[in-house]
Enquirer: 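Please read through the structure below; I'll follow up with questions.
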Number of protein chains: 2
Amino acid sequence: MSVDVLDATFAALADPTRRAILARLAEGEATVTELAAPFAMSQPAVSKHLRVLEHAGLISRGRDAQRRPCRLEAARLKNAMDWLADYRGYWEESYQRLDDLLGELDAGQEEAP
Amino acid sequence: MSVDVLDATFAALADPTRRAILARLAEGEATVTELAAPFAMSQPAVSKHLRVLEHAGLISRGRDAQRRPCRLEAARLKNAMDWLADYRGYWEESYQRLDDLLGELDAGQEEAP
DNA sequence: CACATATAAAACCAACTGGTTATAGAACCG
DNA sequence: CGGTTCTATAACCAGTTGGTTTTATATGTG
């Protein structure tokens, strides 16, 4: 996986407005005005966010008269997830260490009551 | 999960230097100079990256004389992964559509050879 | 104590980000 | 055609980012 793709993906996900847009698009296609409605910001601001998402390959856009319907493109999310999955062992290990500690405390109580 | 935590996590992951630092720390604790060695940048630059990672809760730092050993803190990576996992269905759906298509082609061959 | 090593902090800079307002372009409606 | 709707572009601004060099701080060593 190209470094720049992950860069763009994670950078795009680092903004709550953009994550909210993706969440909305998970429910189906939406136009720019539909996407902009929930936010207390101007339409051009939302268009900029959409451009970031499109550049990151997280959305694609069609054409329906004046409207440019956006749709979620989830493949890049999988790339990000795959990167994170390499670290799964490290947070599971934390639980394991906690388990071990609790196990030791338990054993201690049995041995020296 | 607080919005700002995900913001900081994804923003921290959006830089290749920082992802490389995390990858190095996955192999065990390391000092600042050890972490800085592979990179063609100054020590203060690496210290800044470490500050970003620490602020995002992705690393923690101990004290060993003049050294400040860094260790991976993977819990926040799990948070990011959990967010992404909500979209798993959307990229699997793409495979599903491909499967369906291949299935139809197959069925077509059987019905009309 | 003087010096070396490890790290952080400060000051600076260019580039980028996330927002704004105003304007332009494209497609429909009457 | 003229007006309305939807979206994009441009110009601007303040704040952040990622890097630099220089300097300071903290700790171990001879």
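Chain naming here is simple, since letters A, B, ... match the order of the sequence lines and numbering starts at 1 in each. Since we're looking at a predicted model, the values are computed, not measured.
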Enquirer: Taking atom CG of B:Leu84 and atom CH2 of A:Trp83, what is their separation to the nearest 0.5 Å?
Expert: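 Result: 11.5 Å between the selected atoms.
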Enquirer: With the side chain of B:Ala65 defined as its heavy atoms from C-beta on, choose the nearest nucleotide among C:dA10, D:dG28, C:dC28.
Expert: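 My answer, after comparing the listed nucleotides, is D:dG28.
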Enquirer: Counting C-beta onward and ignoring hydrogens, is there a side-chain heavy-atom pair between A:Cys70 and A:Leu35 closer than 4.5 Å?
Expert: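 When only atoms from C-beta onward are counted, A:Leu35 and A:Cys70 do touch, with a gap below 4.5 Å.
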Enquirer: Let me know, please, whether B:Glu34 or B:Lys48 comes out on the 5' side of the other along DNA chain C by nearest nucleotide.
Expert: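 Closest to the 5' end, via its nearest nucleotide, is B:Glu34.
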Enquirer: So do the side chains of A:Ile21 and A:Arg24 get within less than 4.5 Å of each other, counting heavy atoms only?
Expert: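 No, every pair of side-chain atoms sits at 4.5 Å or beyond.
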Enquirer: Considering only heavy atoms and no angle criterion, is a donor-acceptor pair shorter than 3.5 Å present between the side chain of B:Gln43 and the base of C:dA6?
Expert: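 Check fails, no donor-acceptor contact within cut-off.
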Enquirer: Rounded to whole angstroms, how far apart are NE2 on A:His49 and C1' on C:dG18?
Expert: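 Answer to the nearest Å: 6 Å.
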Enquirer: Would you indicate what A:Thr33 reaches in the nucleic acid, counting non-hydrogen atoms under 4.0 angstrom: base, sugar-phosphate, or nothing?
Expert: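 The answer is sugar-phosphate, as A:Thr33 gets under 4.0 Å only of primed atoms, P, OP1 or OP2.
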Enquirer: Could you give the CG-to-C1' distance, from B:Asp7 to D:dT16, as a whole number of Å?
Expert: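 About 14 Å, once rounded to whole Å.
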Enquirer: Which part of the nucleic acid does A:Ala45 contact within heavy-atom distance under 4.0 Å: base, sugar-phosphate only, or nothing?
Expert: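 Base contact - A:Ala45 has a heavy atom under 4.0 Å of at least one base atom.
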Enquirer: Nearest whole angstrom, please: distance from the P of D:dT27 to the CG of B:Asp64.
Expert: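 Checked: the CG to P distance equals 12 Å.
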Enquirer: If you fit an axis to the five pairs at each end of the helix from C:dC1-D:dG30 to C:dG30-D:dC1, how big is the angle between those two axes, to 10 degrees?
Expert: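 It works out to 10° between the end axes.
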Enquirer: OP1 or OP2 of D:dC6 versus the side-chain N and O atoms of A:Thr31: is any pair under 4.0 Å?
Expert: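 It does not, given that no N or O in the side chain of A:Thr31 lies less than 4.0 Å from OP1 or OP2 of D:dC6.
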Enquirer: Could you give the CZ-to-C1' distance, from B:Phe10 to D:dT17, as a whole number of Å?
Expert: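 In whole Å, D:dT17 C1' and B:Phe10 CZ are 19 Å from each other.
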Enquirer: Rounded to whole angstrom units, what separation is found between the CE atom of A:Met41 and the C1' atom of C:dT20?
Expert: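 To the nearest whole Å, that distance equals 11 Å.
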Enquirer: Looking at C:dA6, I'd like to know if its phosphate oxygens (OP1 or OP2) sit under 4.0 Å from a side-chain N or O belonging to B:Arg63.
Expert: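 For C:dA6, neither OP1 nor OP2 has a side-chain N or O of B:Arg63 closer than 4.0 Å.
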Enquirer: Would a 4.5 Å heavy-atom cut-off, applied to side chains only, mark B:Val52 and B:Leu58 as touching?
Expert: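 B:Val52 does not reach B:Leu58 side chain to side chain.
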Enquirer: State, with a plain yes or no, whether a side-chain heavy atom of B:Met81 is found less than 4.5 Å away from one of B:Leu77.
Expert: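 B:Met81 does not reach B:Leu77 side chain to side chain.
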Enquirer: Once you round it to whole Å, what is the distance between P of D:dG19 and CZ of B:Arg51?
Expert: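 One finds 13 Å between P of D:dG19 and CZ of B:Arg51, rounded.
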Enquirer: Choose from C:dT7, C:dA27, D:dT7 the nucleotide whose nearest atom is closest to any side-chain atom of A:Gln66.
Expert: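 Within the option list, the nearest is C:dA27.
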Enquirer: Check whether any side-chain nitrogen or oxygen of B:Arg68 sits under 4.0 Å from OP1 or OP2 of D:dT27, and answer yes or no.
Expert: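 No, because none of the side-chain N or O atoms of B:Arg68 sits under 4.0 Å from OP1 or OP2 of D:dT27.
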Enquirer: Rounded to whole angstrom units, what separation is found between the NE2 atom of B:His55 and the P atom of D:dT16?
Expert: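 The answer, rounded to whole Å, is 11 Å.
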Enquirer: So does A:Ser42 get a side-chain nitrogen or oxygen closer than 4.0 Å to the phosphate oxygens (OP1/OP2) of C:dT20?
Expert: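 It does, given that an N or O in the side chain of A:Ser42 lies less than 4.0 Å from OP1 or OP2 of C:dT20.
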Enquirer: Do any side-chain nitrogens or oxygens of A:Ser47 fall under 4.0 Å of OP1 or OP2 in D:dA8?
Expert: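 Yes, within the criterion.
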Enquirer: Quick one: salt bridge (Lys or Arg N to Asp or Glu O under 4.0 Å) pairs with a partner in residues 39-61 of chain B, sequence neighbours left out?
Expert: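 Non-adjacent pairs meeting salt bridge (Lys or Arg N to Asp or Glu O under 4.0 Å): B:Glu54-B:Arg61.
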Enquirer: A:Val52 or B:Arg61: which one's nearest nucleotide on DNA chain C is closer to the 5' end?
Expert: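 Nearest nucleotide further toward 5': that of B:Arg61.
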Enquirer: Roughly how many Å is it from CG in B:Leu53 to P in C:dA8, rounded to a whole number?
Expert: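 To the nearest whole Å, that distance equals 12 Å.
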Enquirer: Just so I know, are the side chains of B:Leu22 and B:Ile59 near enough to count as touching, which here means a heavy-atom distance under 4.5 Å?
Expert: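 Of all side-chain heavy-atom pairs linking B:Ile59 with B:Leu22, at least one is under 4.5 Å.
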Enquirer: One thing to verify: whether A:Asp15 and A:Arg19 come together as a salt bridge, which I'm taking to mean a side-chain N less than 4.0 angstrom from a carboxylate O.
Expert: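 No, A:Arg19 and A:Asp15 are not salt-bridged.
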